[in-house]
Student: 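Please find one structure pasted underneath; my questions will follow.
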Amino acid sequence: QLQAADSLLAISEKLIDAVALARESQSTAASAVANAESINREVQTRLGALKTELESTSAALKNEMNGLKRATSNPLGR
């Protein structure tokens with residue numbers, strides 16, 4: 001019976017260690033998910049800002065091209 005009690009004690013200790021490791025892993029995974037979500041929000045914000053900037057630049061270039069088109073066309077020379 002003493003040997004069986006020692007075996008049960010060893011199994012209990014291993015189980016306690018396994019539970020502790022599982023909880024630590026769960027905490028690490030939750031932290032990783034939170035970090036990934038934070039990075040994703042930052043990336044989305046930066047992408048939105050870049051999109052707005054590119055749209056603005058595109059509109060300005062289109063206006064400039066239209067102005068050049070009007071300046072180089074000669075309606076009187078037709």
Student: Looking only at atom types and distance, does a side-chain atom of Thr57 sit under 3.5 Å from a main-chain N or O of Glu53, one as donor and one as acceptor?
Tutor: yes
Student: Could you list the cluster mates of Ile39? Members are the ILVMFWY residues connected by side-chain heavy atoms closer than 4.5 Å, either directly or through other members.
Tutor: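 Hydrophobic cluster check, Ile39: joined to Val43, Leu47.
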Student: Taking salt bridge (charged side-chain N to carboxylate O under 4.0 Å, His left out) as the cut-off, I'd like each qualifying pair that reaches into residues 31-46, sequence neighbours left out, listed once.
Tutor: Glu42-Arg46
Student: Could you tell me whether a side-chain N or O of Ser56 sits under 3.5 Å from a main-chain N or O of Thr52, the two making a donor and an acceptor?
Tutor: no
Student: By side-chain contact (heavy atoms from CB on, under 4.5 Å), which residues pair with Asn66, not counting sequence neighbours?
Tutor: Lys69, Arg70
Student: In a table with atom names and distances, give each donor-acceptor pair under 3.5 Å that connects a side chain of residues 19-32 to protein atoms at least two apart or in another chain.
Tutor:
from  : atom 1 : to    : atom 2 : distance (Å)
Ser25 : OG     : Leu21 : O      : 2.9
Thr28 : OG1    : Glu24 : O      : 2.9

Student: Show which side-chain atoms of residues 4-12 pair as donor or acceptor with protein atoms under 3.5 Å away, not counting sequence neighbours.
Tutor:
from  : atom 1 : to   : atom 2 : distance (Å)
Ser7  : OG     : Gln3 : O      : 3.1
Ser12 : OG     : Leu8 : O      : 2.9

Student: Glu55: what forms a salt bridge (charged side-chain N to carboxylate O under 4.0 Å, His left out) with it, not counting sequence neighbours?
Tutor: Lys51
